[in-house]
Amino acid sequence: MDGEQDRFHGDTRVLHQQAVRIPLPDREAERVFHENMMNVAAARERKAALFADSDVSVLDAYEAERDRIAETFQRRLRRTVGENYEEVAMAYHRGERDDRIGALAAYYFEGAWRAQQQVTITDMLYSPLILRYPDSFTLNMRFASGYTTAESVRYESPAHCSEDLDDEYTETYYEESLYSQKQAADYLSETAEIIREEFPGPDETSFEERKYGGVVSAGGRRGSVFSELLERVEPDPDRFSESIDEPTLVEAGPEATRTERKLLRDCEIVH
């Protein structure tokens, strides 16, 4: 996705109050969805392991997670749009096409680009919402001003600290930073398990056990302070009255409104 990034950014219209809805018509489609969610959980666990290693920087841990999730985005783009997804997204961005596939490509591409900038931009909160329904799932990518929520776990990154500390405080600061990172590592591991529980595999569980599930996460930073949050979300069983045959953009939904009011009430939603 790097080739077009300099020209593809800032078009928040493609994300505004919208989500992608992907059909799950059969067991094979469910397997693909399950595999993608397990990759997200694994990326979170890998990030936790790196946080627990005092020799690894926060930036390296973030980049490892970002790269793994970027692969998931790229697989979804190829499956939905084709190998030329960058060209399709840019054509939609420039106003040269206005169709369903173009809109999907632009949504994924814009969201992925913004998510990749997360670690380098201060006061930008990334808060994706993923919901499983009996016949489909939705991905709602949201971005907001701010860096944390009232319920987030926060930790310090010395590499991002711009203050000159006296020698007597430097060692204490580093020790406290490492402690906060290890606490964050524990939290990341625990919440990775929530993802596994909310999106079980179709070959191991009954349809009744897996037909609904959901998680919302939020992450950002202000200066040297980073934050993490992930929690369960109950999908609205009455949200969709009809099935779909192909991926499409839909309204963000009542779950997005609820989670924004609860977690992002002090932030300005950029979408």
Checklist entry - Considering all heavy atoms of both residues, which atom of Ala19 and which atom of Arg239 are nearest to each other, and what is their separation? => result CB-NH2, 4.4 Å
Next on the checklist: Salt bridge or not between Lys262 and Glu231? Use side-chain N to carboxylate O under 4.0 Å.
Outcome noted: yes
Item to check | Sequence-distant partners of Arg78, side chain to side chain contact (heavy atoms under 4.5 Å, CB included), two or more places apart | outcome: Gln74, Glu83, Tyr85
Checklist entry - Under 3.5 Å, is there a donor-acceptor pair between the side chain of Ser127 and the main chain of Arg142? => result no
Item to check | Nearest heavy-atom neighbours spanning Ala112 and Met141 | outcome: N-SD, 4.3 Å
Checklist entry - Roughly how far, to the nearest 0.5 Å, is CG of Leu125 from CZ of Arg222? => result 10.5 Å
Item to check | hydrophobic_cluster_shared for Ile244 and Phe137, side chain cutoff 4.5 Å | outcome: no
Checklist entry - Side chains of Arg221 and Val58: closer than 4.5 Å at any heavy-atom pair? => result no
Item to check | Worked verdict on Phe51 versus Tyr155 for ring-ring contact (aromatic ring centres under 6.0 Å, His included) | outcome: CA-CA 10 Å; Phe51 275 5; Tyr155 54 96; 5.0 Å; yes
Checklist entry - Mind checking whether Glu228 and Thr191 have side chains closer than 4.5 Å, heavy atoms only? => result no
Next on the checklist: Check this for me: Arg196, atom CZ, are more than 12 non-hydrogen atoms of other residues, nucleotides or ligands nearer than 6.0 Å?
Outcome noted: yes
Item to check | Phe33 and Ile22, any side-chain heavy atoms less than 4.5 Å apart | outcome: no
Checklist entry - Run the ring-ring contact (aromatic ring centres under 6.0 Å, His included) check on Tyr62 and Phe226 step by step: do they pass? => result CA-CA 11 Å; Tyr62 256 90; Phe226 286 70; 5.3 Å; yes
Checklist entry - Are the charged groups of Arg27 and Glu30 less than 4.0 angstrom apart, N to O? => result no
Checklist entry - Counting distance only, does the side-chain N/O of Arg258 pair as donor-acceptor with the main-chain N or O of Glu234 below 3.5 Å? => result yes
Next on the checklist: A side-chain contact here means heavy atoms from C-beta on lying under 4.5 Å apart; do Leu264 and Thr259 qualify?
Outcome noted: no
Checklist entry - Donor-acceptor pair, Tyr107 side chain versus Gln18 backbone, under 3.5 Å? => result yes
Next on the checklist: In this structure, would Ile121 and Phe143 fall into the same cluster of hydrophobic residues linked by side-chain contacts under 4.5 Å?
Outcome noted: yes
Next on the checklist: With side chain to side chain contact (heavy atoms under 4.5 Å, CB included) as the criterion, how do Tyr92 and Asp98 come out once you've worked through the C-alpha distance, each side chain's angles and the decisive distance to 0.1 Å?
Outcome noted: CA-CA 6 Å; Tyr92 188 90; Asp98 185 20; 3.7 Å; yes
Next on the checklist: For Thr205, give me all partners under side chain to side chain contact (heavy atoms under 4.5 Å, CB included), at least two apart in sequence or on another chain.
Outcome noted: Pro200, Glu209, Arg210
Item to check | Main-chain N/O of Gly223 paired with Thr122 side-chain donor or acceptor, under 3.5 Å | outcome: yes
Checklist outcome for this item: Taken to the nearest 0.5 Å, the spacing of Met37 CE from Ile130 CD1 works out to 3.5 Å
Checklist entry - In terms of hydrophobic clustering (I, L, V, M, F, W, Y; side-chain heavy atoms under 4.5 Å; direct or indirect links), are Leu178 and Val153 co-clustered? => result no
Item to check | Smallest separation among heavy atoms of Ala61 and Val56, with atom names | outcome: N-CG1, 4.3 Å
Checklist entry - Does the side chain of Arg154 come within less than 4.5 Å of Thr148's, by heavy atoms? => result yes
Checklist entry - Which of parallel (below 30°), tilted (30 to 60°) and perpendicular (above 60°) describes Tyr133 and Phe240? => result perpendicular
Checklist entry - Do Glu110 and Arg114 sit within salt-bridge range, that is, some charged N less than 4.0 Å from a carboxylate O? => result yes
Checklist entry - Can any side-chain N or O of Asn140 pair as donor or acceptor with the backbone N or O of Val20 at less than 3.5 Å? => result no
Checklist entry - CG of Asp53 to CD of Gln181: how many Å apart, nearest 0.5 Å? => result 10.0 Å
Checklist entry - Are any non-hydrogen side-chain atoms of Lys182 and Asp186 less than 4.5 angstrom apart? => result no
Checklist entry - Can you list the steps and then say if Glu156 with Val225 is a side chain to side chain contact (heavy atoms under 4.5 Å, CB included)? => result CA-CA 5 Å; Glu156 187 83 19; Val225 181; 3.3 Å; yes
Next on the checklist: Strictly distance-based, threshold 3.5 Å: is any side-chain N or O of Glu255 a donor or acceptor partner for the main-chain N or O of Asp236?
Outcome noted: yes
Checklist entry - Is it the case that one hydrophobic cluster holds both Tyr147 and Leu188, taking links as side-chain heavy atoms less than 4.5 Å apart, direct or via other members? => result no
Item to check | Shortest non-hydrogen contact between Ser152 and Ser227, atoms and distance | outcome: CB-CB, 3.9 Å
Checklist entry - Can you find a pair of side-chain heavy atoms, one from Pro158 and one from Ser224, that are under 4.5 Å apart? => result no
Item to check | Close side-chain approach of Glu251 and Thr138, heavy atoms under 4.5 Å | outcome: no
Checklist entry - Got more than 12 heavy atoms from elsewhere within 6.0 Å of CG, Asp245? => result no
Next on the checklist: Nearest 0.5 Å, please: how far is CG in Leu24 from NE2 in His34?
Outcome noted: 12.5 Å
Checklist entry - Has the side chain of Ser136 got a donor or acceptor atom that lies under 3.5 Å from a matching backbone atom of Arg21? => result no
Checklist entry - Members other than Val32 in its cluster, when Ile, Leu, Val, Met, Phe, Trp, Tyr link by side-chain heavy atoms under 4.5 Å? => result none
Next on the checklist: Taking Leu77's backbone N and O only, do any of them form a donor-acceptor pair with Thr80's side chain (distance below 3.5 Å, no angle check)?
Outcome noted: no
Next on the checklist: Using side chain to side chain contact (heavy atoms under 4.5 Å, CB included), reason through Asp60 and Leu50 one step at a time and then give a plain yes or no.
Outcome noted: CA-CA 8 Å; Asp60 288 340; Leu50 293 174; 5.7 Å; no
Next on the checklist: Quick check for you: to the nearest 0.5 Å, what is the distance between Lys211 atom NZ and Arg132 atom CZ?
Outcome noted: 10.0 Å
Next on the checklist: Using a 6.0 Å cut-off, check whether atom CD of Glu96 has over 12 heavy atoms from anything other than its own residue.
Outcome noted: yes
Item to check | Electrostatic pair Glu198-Arg232, nearest N-O below 4.0 angstrom | outcome: yes
Checklist entry - Stepwise, does the salt bridge (charged side-chain N to carboxylate O under 4.0 Å, His left out) test hold for Glu35 with Arg75? => result CA-CA 11 Å; Glu35 178 183 351; Arg75 282 196 300 270; 5.2 Å; no
Next on the checklist: Between Val215 and Phe199, is the side chain to side chain contact (heavy atoms under 4.5 Å, CB included) condition met? List the steps.
Outcome noted: CA-CA 9 Å; Val215 295; Phe199 306 109; 3.8 Å; yes
Checklist entry - Can you name the nearest heavy-atom pair linking Gly102 to Val88, along with the distance? => result CA-CG1, 3.7 Å
Item to check | Sidechain-backbone polar pair: Arg100 side chain, Pro247 backbone, donor-acceptor under 3.5 Å | outcome: yes
Next on the checklist: Tell me the closest heavy-atom pair linking Tyr212 and Pro235, and the distance in Å.
Outcome noted: CD2-CB, 4.0 Å
Checklist entry - Any side-chain donor-acceptor pair under 3.5 Å between Tyr179 and Glu175? => result no
